[in-house]
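Owing to the predicted nature of the structure, the values given are computational and were not obtained by experimental measurement. Values reported hereafter were calculated over all heavy atoms of this structure, with side chains retained and with hydrogens, waters and symmetry mates removed. In what follows, chains carry the letters A, B, and so on, assigned in the order in which the sequence lines appear, proteins first and then strands, with residues in each chain numbered from 1.
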2 protein chains.
Amino acid sequence: MVVEYKTRTQVVVEAIREKILTGAIKAGEPLRQAALADELKVSRIPVREALLQLEAEGLVEFEAHKGATATKLSAEQVTELFELRALLECELLRMAIPRLTEAELAQSEQLLQQMSEAYQAADTSGSWSELNSRFHMSLYRAANRPLTYEMVQNLNSNSDRYIRVHLMLAGGVKKAGPEHENLLQLVRQKKADAACQLLKQHILGAAAEIKLLVTKLDGG
Amino acid sequence: MVVEYKTRTQVVVEAIREKILTGAIKAGEPLRQAALADELKVSRIPVREALLQLEAEGLVEFEAHKGATATKLSAEQVTELFELRALLECELLRMAIPRLTEAELAQSEQLLQQMSEAYQAADTSGSWSELNSRFHMSLYRAANRPLTYEMVQNLNSNSDRYIRVHLMLAGGVKKAGPEHENLLQLVRQKKADAACQLLKQHILGAAAEIKLLVTKLDGG
DNA sequence: ACTTTGGATATTGTATACAAAAATAATCAG
DNA sequence: CTGATTATTTTTGTATACAATATCCAAAGT
């Protein structure tokens, strides 16, 4: 196990990312460098560097001389985000299926178990979402596509924010349970086409619900 | 027309990007902050910020306390890069085709014209490559998919580097001419399936040639 | 009241200075 | 001479200080 020495910038990246994902910082909200620096007990330099990295992740938007804001996606952009996920994740899943070992599948299954527990414990905001991402990603690692994998990870971060804020309240989480289990079963049986179709449906279904909620909020 | 005031960081980003794309900085080469700052007559701060942005673009790799290097892709990664492009660009093209206006198509055609001129003038290193990217992107703008569009733009930057360094020497450029014209024709005729297939073939064909060259260089 | 203009204030961008880590050179034991 | 170990140097990471830009607000003119 590598000890992974962390630079201040990295710590700040994680802190701000967490704030955005949990909704502590809302979409569109300005991110003042001085305030963040003060709060995190660092100078503005690591804050600026962190904001730049988060911009690359799509969580933050930077405008010269005007500062950064938490990215606010329009309904169309949310749609695009989820459709991109559907496209890329299906591709990854298709490539992963023939290579997934039983050990890896067992891990995915364990994540499902944990998600179910988190759901029972009504801990739907934090852990469930985290586990959800990890479950999805656990199916893709075997695809051996580092570039695509990283992209999908970013897209997941982004959509996660919307899942947490919006879908929790609706019945989205309840529906996800059986869908995940069916998906895992199809993957186990190496039924690539069926699995991909279900995955696509799973992602786009969530997208549709979230889009509704987003447009409702923007409109009223 | 917006005057677009440029910050030093942005200038440095463009300068370093250009150096990497043209091969002035070779893959794997370390990028010393002080040296770059000195050369570009700025302090290390904008250099660092530029390097971070370029890391997000995939052109640079950053390691804590060790510095940045120009990204060096393995043969597998080059393959993945081009396959990703094929996937995403086809998606964009398919969405763009029904929306492309004659005015936009005329612009694309003009780019082809310019490419042909650049080719005649044996200016294959700089302008041709630049025009090649612009031609591809000109077909996708109408898709109205800003997120995907930006991703593809990055991927293009990355693959461009390999195209410039390697394919120039081989016959890749010569082949591209007719392929581009055929593609544009199919797009004009709104033959989405055929156009996408040709595009895919166009990208993957280039990938195959480049992969050969990359493995050859790495091996010997 | 409404716009305009000038300046105070806040905020970002960049240079400089210093601290921390890594890479390199020098010393010394065997 | 070799290899380990400790200085020395180089390079990166971060804080502080200052410059440039944008934002806000009050006063003046219409």
Verify side chain to side chain contact (heavy atoms under 4.5 Å, CB included) between A:Ser138 and A:Gln107, making sure each step is shown before the conclusion. CA-CA 8 Å; A:Ser138 75; A:Gln107 278 209 318; 5.9 Å; no
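- A donor-acceptor pair shorter than 3.5 Å cannot be found between the side chains of B:Ser116 and B:Gln113.
- Non-hydrogen atoms lying under 4.0 Å from DNA chain D are contributed by nothing in residues 25-33 of chain A.
- Under the rule for a side chain to side chain donor-acceptor pair (under 3.5 Å), the partners of A:Tyr149 that lie at least two apart in sequence or sit in another chain are A:Arg141.
- At a threshold of 4.0 Å, the pair A:Lys72-A:Glu61 does not count as salt-bridged, since none of the basic side-chain nitrogens sits closer than that to a carboxylate oxygen.
- Between B:Lys19 and B:Glu29, none of the side-chain N atoms (NZ, or NE/NH1/NH2) sits under 4.0 Å from a carboxylate O, so this pair counts as no salt bridge.
- Nearest-nucleotide positions on DNA chain C place B:Thr9 closer to the 5' end than the other of A:Arg8 and B:Thr9.
- Using modelled atom types, one finds a donor on one side chain and an acceptor on the other under 3.5 Å when comparing B:Glu104 with B:Thr101.
- A donor-acceptor pair shorter than 3.5 Å cannot be found between the side chains of A:Thr22 and A:Arg164.
- Each of A:His65 and B:Ala64 has a nearest nucleotide on DNA chain D; the 5'-most of these lies closest to B:Ala64.
- In this view, A:Glu80 and B:Arg145, B:Pro146, B:Leu147, B:Thr148 satisfy the side-chain contact (heavy atoms from CB on, under 4.5 Å) rule, not counting sequence neighbours.
- Taking a 4.0 Å limit (strictly below) on heavy-atom distances, residues 39-53 of chain B reaches DNA chain C at B:Val42, B:Ser43, B:Ile45, B:Pro46.
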Atom pairs and distances, side-chain donor-acceptor, residues 50-59 of chain A, under 3.5 Å, sequence neighbours left out:
unit_1  : atom_1 : unit_2  : atom_2 : d
A:Glu55 : OE2    : A:Phe62 : N      : 3.3
A:Glu57 : OE1    : A:Arg17 : NE     : 3.0
A:Glu57 : OE1    : A:Arg17 : NH2    : 3.4
A:Glu57 : OE2    : A:Arg17 : NH2    : 2.7

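- The aromatic rings of B:His136 and B:His180 sit perpendicular to each other, their planes meeting at more than 60°, with 30° as the lower class boundary.
- Chain B approaches DNA chain C within less than 4.0 angstrom (heavy atoms of the protein), and the contacting nucleotides run 5' to 3' from C:dG13 to C:dA23.
- Whole-Å rounding puts the B:Phe62 CZ to D:dT12 P distance at 8 Å.
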